[in-house]
Structure formats: structure tokens, C-alpha cells
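Structure, as C-alpha cells:
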Amino acid sequence: MAAPEPVAEPVYGGTLVYGLEAETGQGWNPATTQCAVACHTVMRAIFDTLTIEGPSGAPEPYLLESFTANEDFTTWTLRMRPGITFHDGTPADAAALATHFDNLKAGTLTGLIVRRWESWEVIDDLTVEVRATGPLAGLPALLTGQLGYLAAPSQYADPEGAIRPVGTGPFVFTSWTPDAELIVDRNPNYWKTDAEGRQLPYLDRVVFRPIPDQDTRELALSSGDLDAHHINSPLKANEHRESYKVVEEGSFFQTTYMMLNAAQPPFDDIRARQAVAHCTDYETYNLLRMGGNVPTANGPFGPNTPGYLADSGFPAYDPEAGRALWGQLDSPGVVELGTTNDSFNRTSTELLSQMWNDCGIDTTISQVDQGTLITNAVFGLFQTFLWRNHNAASLEVERTWWHSEYAAGLAVNFGRIVDPALDAALDAAARTTDPDELRSLAEEVNRIFAAGVYNVWLNWSLWMLPHQDHVQNLALLTLPDGREILNLIEGRAFLTETWIE
């Protein structure tokens with residue numbers, strides 16, 4: 001649904017208290033942090049992205065004024081908007097952009113993602129030319145997220161820059177007490193105005209509070225300790241709609257699933273992957289954990305998304321088939337199911353564990369904080385865990401998670417998938433920007449996942465932002481030309497045009 005219409009003219013001032021589902025323990029350096037939804041929400045207050053998802057989901061210039069490619073997408077020319085400054089007063093220019101790219105290349109994980117960026121060169125005060133090792137048609141889409149948060153050279157030069165972020169965004173970093181609160185204050189020199197020409201942002205201050213347990217977060221909202229928070233729990237969707245004003249996603253849904261480590265026993269054997277897929281009672285899971293409020297997933301691409309298929313060919317619930325397949329394995333051992341230290345996720349994982357146990361699969365549960373779960377994924381220290389990802393707005397972004405070139409060692413292809421057909425489809429997507437071709441390739445990717453059973457799909461996520469009545473324009477954002485972007489993708493909210501009545 002669209003962001004709520006304001007009931008009056010925007011009012012300047014006030015403090016918004018926003019609840020986050022997790023702390024970001026690595027801090028706020030775009031080149032070194034591990035950014036999930038809570039991280040993105042904070043980063044979008046302090047930093048601007050170089051590009052942004054437009055009304056159709058396709059990337060459009062934002063902090064950049066333009067991006068253009070040569071015919072085979074091996075060279076990109078990126079031009080910054082003139083006159084924008086960082087919070088420290090220095091120019092957000094081509095030199096700063098090149099410094100940003102230098103740091104991304106040096107980052108442990110970001111360096112993996114930009115490995116196909118061969119080199120870049122400052123052409124003039126505002127222009128950088130990026131040369132790739134091969135076709136890279138989706139480069140602008142990569143700049144809508146973590147790679148696109150432009151940090152000031154002074155932050156990168158600061159040994160403690162991860163705890164003292166400096167961006168161009170609507171709010172200036174003030175203080176951070178880990179696991180308690182992070183405070184940002186209004187940027188008086190912000191470069192953007194709203195559609196009526198009013199200076200942004202409206203709020204004086206935002207206080208972000210990490211509250212990992214969603215029940216505790218919801219209690220804080222109901223008691224008035226929070227003005228807003230984000231939640232991914234379709235089970236309570238109707239309750240949220242009845243009790244609060246709500247912004248919610250309408251397309252480009254993430255998928256919630258059990259990620260399987262295809263490089264480690266038992267899930268390096270397709271029979272094991274097929275077995276757990278057959279042993280998962282999707283209808284019961286959806287009813288008990290989602291309340292039937294979202295469709296059961298059958299692949300990585302949800303409804304209203306390029307690549308979605310009503311029937312992907314993914315294995316159906318068939319416990320007899322699952323039990324037989326598991327019985328064919330030689331000493332598969334006990335399967336460890338990982339999840340975060342959130343009570344909702346714990347209960348969901350317990351339900352899946354029981355389903356698999358009933359199918360003859362011995363299981364145990366490991367519960368850790370979100371940051372540790374991500375670290376375990378990077379190092380491959382897991383068998384399977386509850387996960388969410390893949391808004392499918394760009395196959396180039398998804399390439400990072402699925403292509404075999406990212407599957408070895410410290411991997412961002414967390415599932416360690418190595419599939420030549422999948423690689424071929426993703427390579428083809430890197431050579432085109434044609435929407436019809438990309439849709440066809442995404443559908444092929446969907447079928448490949450069904451055949452390889454690399455994940456056990458559960459449901460398409462539904463991010464919601466419940467908030468108090470006095471909060472206006474939550475997550476609304478207009479492009480420099482006045483058009484509104486998609487208000488919510490993967491729960492990532494902008495607070496640039498939010499105000500308090």
C-alpha cells in the first residue's frame with residue numbers, strides 16, 4: 001500500500017524514536033559492515049545512495065546525476081550531482097567517489113562483490129569512469145544498497161570511522177551507544193527539497209533503538225516508547241492494520257526460507273536437499289506462522305516480481321518420499337538448524353525441526369544473534385538456517401548470492417551453490433538491460449532452483465512499518481524530479497520526508 005497521505009502541511013521539528021530488529025555490531029562503514037534491514041534503516045538516514053529504486057523498481061540516479069554505459073556494458077560513466085557536500089563540509093565529488101570505490105575494493109566482503117570492477121578513473125571534478133572485466137549491465141542496481149552509501153573521505157581516513165560515520169544524508173551522526181541507541185540530528189545543509197520546494201528533512205532528531213525481540217518491540221510501540229518500528233511477521237498483519245497506521249510492501253518481496261549449505265554434508269547431496277523439502281509441511285507452516293496472510297513460497301521470486309512462476313516445479317510436501325530419500329543417505333547425522341535470538345524465529349524453527357524429526361531426520365537448534373548468523377554464513381559454518389533475502393528487483397544483485405564465482409572461501413554465495421546452468425543465466429543477465437529478456441532469465445533461474453533444491457522456500461516476506469498516528473509520511477521519498485519511489489523494499493525505510501504532527 002502507498003505511504004499515508006499527510007493530513008496537513010509538514011511541520012518542522014520533533015524527535016522520532018524508531019525501533020530496530022537488530023544492532024549492527026560492525027558499525028557504519030559501508031566498506032566493512034554487514035548490512036541487514038536494521039543497518040540499512042540507519043544508513044539511509046546518514047548516507048544517500050548513489051542510485052535508488054525508482055517507481056518500477058529499476059535503478060535511477062540519486063546522489064549520482066547520471067550513469068551511462070558503452071555498448072557492451074564494460075565501461076560505465078558515473079557523474080555526481082554538483083554542489084553536494086558531506087556533513088564535514090567537504091565536496092561529494094568524483095575524488096570522493098573514487099575513494100569510496102577504493103575502500104569497497106579493499107573490504108573483505110565488498111571486495112568480493114566488486115571483483116568484476118577492474119579499475120576506475122577520475123575524469124573531471126564530477127565524473128568517474130568504471131571499467132569492468134566483462135559485461136556488467138546491472139552495475140547501477142548494485143549502487144542502491146550498501147555499495148551505494150557514499151561515505152566521506154574523512155570517514156575512511158579515520159581509524160575509528162566505523163563508529164563516526166560521515167555521509168551526505170538528511171541526518172548527521174551524533175552518538176552511538178551499542179545495543180542501546182543511535183542518535184542522528186537534522187542536517188541543516190541537506191541538498192534536497194520536497195516536491196513543493198521545502199527544505200528537507202523536517203525532523204530535528206531520530207533516535208534508533210535496537211530491540212531484537214519483536215514482541216518487546218511491539219510492546220514498546222503500544223506503550224508509546226516508540227513512534228515507529230519495522231516488523232516482518234505476516235502472522236500479525238491484520239492486528240497491525242487495526243491498531244496502527246501502517247506502511248507495507250506491495251511488490252519485490254523478500255523470500256523467507258531455510259538456506260542449505262550445498263558444500264557440506266548432508267546437503268552436498270541433492271537427495272538430502274530433496275528430503276527436507278519433501279518433509280516440510282508448507283500449508284501447516286504458513287497457517288501457524290503466517291496466519292495464511294501471505295502465499296506459500298515456491299521460489300526466490302514473489303508475486304508482482306519478474307521471475308515469479310505460479311508453478312516453479314519445486315518439490316511438494318510428501319513425507320513418505322522425504323523419509324525414503326533420507327534413508328538412502330550414508331550416516332547423515334544430526335542436522336543443526338540455525339536461527340536468530342528472536343522468539344518468533346525460534347518458534348518457526350522449532351516447528352520446522354519437529355516436521356523434519358517426524359520424517360526421520362534428527363535435528364537440533366542453534367540460536368545466535370543476527371550478526372553472528374551472518375558471520376557463520378560468510379565462513380560456511382552452518383548446515384541450514386532460517387533466512388530471508390532476494391527482492392528480485394535485479395538479477396545483478398542476486399548474482400552476488402548465487403553465482404559460483406562467489407562460492408569459495410569467504411563467500412557471499414552463502415549456500416555455496418555451484419550450478420553451471422545458474423551461472424549461465426546470471427552471465428546472460430549481465431549482458432542486457434531489456435526487461436523482457438531479464439524476466440525470461442529470472443524465470444529460468446526460478447526453475448533451476450526448483451530442480452537443484454538449493455533452499456527450502458517457506459513464504460514471501462511482508463515488511464510492515466506500524467507507527468503512531470502523529471507520525472506522517474513515514475518512508476515516503478520523492479526523486480529530485482518530484483516522482484515518488486517505491487515506499488518500501490525489504491523493510492528499508494527513508495525518514496527524509498517524515499514529520500511529526
Side-chain angles (χ1 to χ4, degrees), residues 24 28-67 76 78-87 91-94 96-101 103-104 107 109-110 113-114 117 120 126 128 130 138-153 155-156 165-173 184 187 190-192 200-201 206 252 391 393-394 396-397 400 463 475-481 483-498:
T24 303
W28 315 101
N29 181 332
T32 60
T33 194
Q34 297 173 4
C35 228
V37 61
C39 167
H40 284 292
T41 302
V42 173
M43 297 287 268
R44 290 186 175 208
I46 299 170
F47 302 94
D48 291 306
T49 51
L50 292 164
T51 64
I52 197 168
E53 298 94 343
S56 70
E60 300 198 21
Y62 194 55
L63 200 53
L64 291 177
E65 183 177 67
S66 65
F67 51 77
W76 282 92
L78 310 179
R79 183 169 178 81
M80 297 291 295
R81 294 185 189 276
I84 299 176
T85 58
F86 291 105
H87 299 153
D93 57 10
L97 183 58
T99 298
H100 174 62
F101 289 163
N103 280 270
L104 294 181
L109 297 183
T110 55
I113 299 171
V114 303
W117 302 17
W120 40 88
L126 295 173
V128 170
V130 177
L139 184 144
L142 292 172
L143 303 180
T144 63
Q146 183 171 336
L147 301 185
Y149 296 129
L150 183 65
Q155 179 182 349
Y156 285 127
V166 182
T168 63
F171 298 95
V172 179
F173 172 79
V184 294
N187 177 4
Y190 193 49
W191 62 280
K192 279 197 68 186
L200 293 171
V206 180
F252 298 105
N391 67 41
S394 163
E396 182 60 49
V397 174
T400 299
W463 279 104
L476 183 144
L477 189 75
T478 52
L479 294 168
D481 63 11
R483 290 174 298 140
E484 291 184 13
I485 67 162
L486 292 173
N487 61 308
L488 200 61
I489 294 181
E490 293 189 349
R492 304 174 183 184
F494 287 95
L495 304 177
T496 310
E497 299 185 41
T498 301

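Being a predicted model, the structure only gives us computed values, none of them experimental. As a basis for the values below, the full set of heavy atoms in this structure was taken, side chains included, without hydrogen atoms, waters or symmetry mates.
Rounding to the nearest 0.5 Å places OH of Y62 at 8.5 Å from CZ of R81. Taking OG1 of T49 as the start and CD of E60 as the end, the distance is 11.5 Å to the nearest 0.5 Å. Considering CD1 of I84 and NZ of K192, their distance stands at 10.0 Å, rounded to 0.5 Å. Distance check, rounded to the nearest 0.5 Å: CG of N391 to OG1 of T144 gives 7.5 Å.
With contacts defined as side-chain heavy-atom distances shorter than 4.5 Å, the pair R44/F171 does not qualify. Using a 4.5 Å heavy-atom threshold, the side chains of N29 and Y156 count as touching. Residues F47 and L63 fail the side-chain proximity criterion, which asks for heavy atoms closer than 4.5 Å. Residues L147 and T110 have side chains in contact (heavy-atom distance under 4.5 Å, counting atoms from C-beta outward). Using a 4.5 Å cut-off on side-chain heavy atoms (C-beta onward), V172 and I46 make no contact. Here the side chains of V37 and W463 are in contact, with some heavy-atom distance below 4.5 Å. The shortest distance between side-chain heavy atoms of V128 and W76 does not fall below 4.5 Å. Residues P170 and L200 fail the side-chain proximity criterion, which asks for heavy atoms closer than 4.5 Å.
A donor-acceptor contact closer than 3.5 angstrom links the side chains of T478 and E497. In summary, the side chains of Y149 and H100 do not present any donor paired with an acceptor at a separation below 3.5 Å, with no hydrogens or angles considered.
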Quiz item: Hey, mind stepping through W117 and L139 against side-chain contact (heavy atoms from CB on, under 4.5 Å) and telling me if it holds?
Solution: CA-CA 9 Å; W117 302 17; L139 184 144; 3.9 Å; yes
Quiz item: What do the steps show when you test L477 against I52 for side-chain contact (heavy atoms from CB on, under 4.5 Å), and what is the final call?
Solution: CA-CA 10 Å; L477 189 75; I52 197 168; 3.4 Å; yes
Quiz item: W120 and L78: side-chain contact (heavy atoms from CB on, under 4.5 Å), yes or no, with the steps?
Solution: CA-CA 10 Å; W120 40 88; L78 310 179; over 6 Å; no
Practice problem: Determine, stepwise, if the pair L97 / L150 fulfils side-chain contact (heavy atoms from CB on, under 4.5 Å). | Solution: CA-CA 7 Å; L97 183 58; L150 183 65; 4.1 Å; yes
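In terms of heavy atoms, L479 sits closest to P55 at CD1-CD, 4.2 Å. The nearest pair of heavy atoms linking G169 to H87 is O-NE2, 3.0 Å. When all heavy atoms of G145 and R492 are compared, the closest pair comes out as CA-NH1, 4.0 Å. Of all non-hydrogen atoms in F86 and A92, the two that sit nearest each other are CE1-CA, 3.5 Å. In terms of heavy-atom proximity, L50 sits nearest to M80 at CD2-SD, 4.0 Å. Listed here is the closest heavy atom pair of H40 and C35: NE2-O, 3.4 Å.
At distances below 3.5 Å, at least one donor-acceptor pair connects side-chain atoms of S394 with backbone N or O atoms of V397. For the pair T33 (side chain) and P30 (backbone), a donor-acceptor distance under 3.5 Å is absent. Of the possible donor and acceptor atoms, one in the side chain of T51 sits under 3.5 Å from a partner among the backbone N and O of L143.
Here the rule is side chain to side chain donor-acceptor pair (under 3.5 Å) with W191, and of D48, T168, T85 only D48 fits it.
Between F173 and W28, a ring centre-to-centre spacing not shorter than 6.0 Å is recorded.
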